[in-house]
A.B. asks: 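Here you go, one structure.
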Amino acid sequence: MTSFESPIITENEIDETAANNYINQEFSLDLLPKLPEKLTVLVAASVLSVSVPTIDRMVKDGQLKLTKSAVLSYLKANFLVKRPINLTQISPD
């Protein structure tokens, strides 16, 4: 049982912060299992679904470090879309 004061899922919205906290707290999930903390350019490109030259540019520009934690932070900051989910119940008629 968790100690959250508010629900993670409401009628039309998911509190992503609460969901992340719950998953990390309850299950200690590694979002990139079996990858070392230091990543290669090729692995970072694969995880972020971009090209190797894009990773090279991001590293050169200081946008990204080749570490697992930096890549996860980049994913959380740039790839999670905050939008309501339609949970409308469809009743069979």
Side-chain angles (χ1 to χ4, degrees):
M1 192 86 183
T2 64
S3 60
F4 291 105
E5 294 177 11
S6 62
I8 293 174
I9 299 175
T10 60
E11 186 175 333
N12 290 316
E13 189 174 311
I14 292 178
D15 182 342
E16 290 180 25
T17 302
N20 260 342
N21 290 341
Y22 172 76
I23 288 175
N24 291 330
Q25 181 182 43
E26 293 293 317
F27 303 106
S28 299
L29 286 181
D30 182 359
L31 298 177
L32 297 175
K34 299 183 183 177
L35 289 183
E37 180 59 26
K38 290 188 92 173
L39 303 177
T40 65
V41 173
L42 187 60
V43 169
S46 177
V47 169
L48 294 176
S49 298
V50 298
S51 67
V52 169
T54 297
I55 295 295
D56 286 335
R57 178 187 50 78
M58 292 171 73
V59 170
K60 182 181 174 189
D61 293 346
Q63 295 177 335
L64 185 70
K65 293 182 181 179
L66 292 176
T67 64
K68 186 160 112 171
S69 57
V71 168
L72 284 171
S73 293
Y74 185 85
L75 278 171
K76 287 179 184 177
N78 295 288
F79 285 94
L80 292 179
V81 177
K82 297 192 184 287
R83 60 182 171 171
I85 294 177
N86 185 358
L87 296 176
T88 305
Q89 298 283 332
I90 300 174
S91 59
D93 289 339

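For clarity, every value in this text was computed on a predicted model and none was experimentally measured. Numbers here are sequence positions counted from 1.
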A.B. asks: Can you tell me which residue among Leu75, Thr54, Val43 is in a side chain to side chain contact (heavy atoms under 4.5 Å, CB included) with Leu48?
C.D. replies: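 The side chain to side chain contact (heavy atoms under 4.5 Å, CB included) with Leu48 is passed solely by Leu75 among Leu75, Thr54, Val43.
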
A.B. asks: Using modelled atom types only, decide if a donor and an acceptor are shared between the side chain of Ser46 and the backbone of Leu42 within a distance under 3.5 Å.
C.D. replies: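 No: the side chain of Ser46 does not pair with the backbone of Leu42.
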
A.B. asks: Write down the atom of Leu35, the atom of Lys68, and the distance for their closest heavy-atom approach.
C.D. replies: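 Between these two residues, the closest heavy atoms are O-NZ, 3.0 Å.
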
A.B. asks: How many angstroms lie between CD1 in Ile55 and CG in Leu64, if you round to the nearest 0.5 Å?
C.D. replies: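 With rounding to 0.5 Å, CD1 (Ile55) is 5.5 Å from CG (Leu64).
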
A.B. asks: Where is the tightest heavy-atom contact between Val52 and Ala45, given as atom of each residue plus distance?
C.D. replies: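 Val52 and Ala45 have their closest heavy atoms at N-CB, 4.0 Å.
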
A.B. asks: Give the minimum heavy-atom separation between Tyr74 and Met58, together with the two atoms involved.
C.D. replies: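 Minimum heavy-atom separation between Tyr74 and Met58: CZ-CE, 3.3 Å.
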
A.B. asks: For Lys65 and Ala70, which heavy atoms make the closest approach, and how far apart are they?
C.D. replies: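 What the structure gives for the nearest pair is O-CB, 3.5 Å.
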
A.B. asks: Give the intermediate values and the outcome of side-chain contact (heavy atoms from CB on, under 4.5 Å) for residues Val59 and Val41.
C.D. replies: CA-CA 9 Å; Val59 170; Val41 173; 5.7 Å; no

